[in-house]
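Reckoned from all heavy atoms, side chains included, excluding hydrogens, waters and symmetry mates.
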Amino acid sequence: MNVIQHHDPLFRVIPRPFFLIFIIAITLQFTPLLTTAEGAKPFFTNRTVKVRLQPDKSDKPVGRLFVASPLRVLDRKPGWLRVSLKGWYQEGAKRVLYALPGKRIFTLVLGRSAAAELRELTSQTDGDTGLTWTEAVFEGWIQDQAITDDLDSIWSAAWDLFATRCTVCHQRRIPDKYTANQWGALLKVMGPRTGLPKDDQQLILKYLQHHARDTIDNQASN
Ligand code: HEC
């Protein structure tokens, strides 16, 4: 029979009780850090919001970040959050980031100069369309009221609008009967028919695009 013995040299150098105390101390030391590490937690924009390179209202906005976009919080200043977000752009059209490659779900639209701030991650070419999509990260400042960690509450507000305002002229349509890109085209026509403000139309569109035939199994997260 094999007797398992500890041959680990560390146990020889440091007596075991001290070793255990050492490990416990290290764990306690880092536990509060881990649980409060905001950077690891996903948040979502609860509205369409302007993005700036500085936490200052007089700094000209460099882009628009659309509702229900996943992001991470990197830093806080009174009234402001420094956030990072990921998205995909189509080769040659670096100013528009979409939530998923090939699916025109708006995440961020940047001004011409700000596109240079994007940090590229990976690229892939779509076999069907031949288009190349690149995933990129953007970092900037937004006002601190514009995020939530509760994506369900965003979707439930969107559903209420969809179920009440998109049923005035016809029956309620089924979100996963259309693709994300089909919803984009449909809402160009149907959105204005609701008479709702642009932001509300954008919220309905986001909901439908994330619950579409080709995205329903790939919910917004980052
Ligand atoms: C003011 C009336 C009105 C409102 C409000 C309205 N629609 Fe429509 N919808 C129509 C009409 C009329 C059609 C028939 C096709 C057409 O005219 O394009 C239609 C057709 C559709 C179709 C089918 C299109 C096709 O090609 O099969 C979808 C999907 C749709 N609407 C979704 C929506 C959504 C989502 C909303 C809410 C954002 C909405 N509609 C709000 C009038 C409306």
Check your understanding: Under 4.5 Å between side-chain heavy atoms, hopping through other hydrophobics if needed: is there a path connecting Leu65 to Leu53?
Key -> yes
Between [X] and [Y], what is the shortest heavy-atom contact and its length?
| X | Y | result |
| --- | --- | --- |
| Leu74 | Glu139 | CD1-CD, 3.5 Å |
| Ala146 | Arg47 | CA-NE, 4.0 Å |
| Leu97 | Ala136 | CD1-O, 4.2 Å |
| His210 | Ala99 | CE1-CB, 4.1 Å |

[atom1]/[X]: more than 12 non-hydrogen atoms of other groups inside 6.0 Å:
| X | atom1 | answer |
| --- | --- | --- |
| Glu91 | CD | no |
| Lys94 | NZ | yes |
| Arg95 | CZ | yes |

Point to revise | Aromatic plane relationship, Tyr207 with Trp155 - under 30° parallel, 30 to 60° tilted, over 60° perpendicular | key: perpendicular
Practice item. Could you check whether the rings of Phe66 and Phe106 sit parallel, tilted or perpendicular, using 30° and 60° as the cut-offs? Key: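 Correct class here is tilted.
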Report yes or no: does [X] contribute a side-chain atom to a donor-acceptor pair with the main-chain N or O of [Y] at less than 3.5 Å?
| X | Y | answer |
| --- | --- | --- |
| Trp183 | His211 | no |
| Asp144 | Pro78 | no |
| Thr45 | Ala68 | yes |
| Asn46 | Gln145 | yes |

Review point. Just checking, is any N or O donor in the side chain of Arg104 or Gln90 under 3.5 Å from an acceptor N or O on the other one?
Key: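 Yes, because at least one side-chain N or O of Arg104 sits under 3.5 Å from a partner of the opposite role on Gln90.
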Point to revise | Side-chain donor-acceptor contact under 3.5 Å, Thr148 with Asp150 | key: no
Exercise for review: Sort out for me which residue in Leu205, Thr167, Thr194, Leu208 forms a side-chain contact (heavy atoms from CB on, under 4.5 Å) with Phe162.
Suggested key: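 Of the listed residues Leu205, Thr167, Thr194, Leu208, the side-chain contact (heavy atoms from CB on, under 4.5 Å) partner of Phe162 is Leu208.
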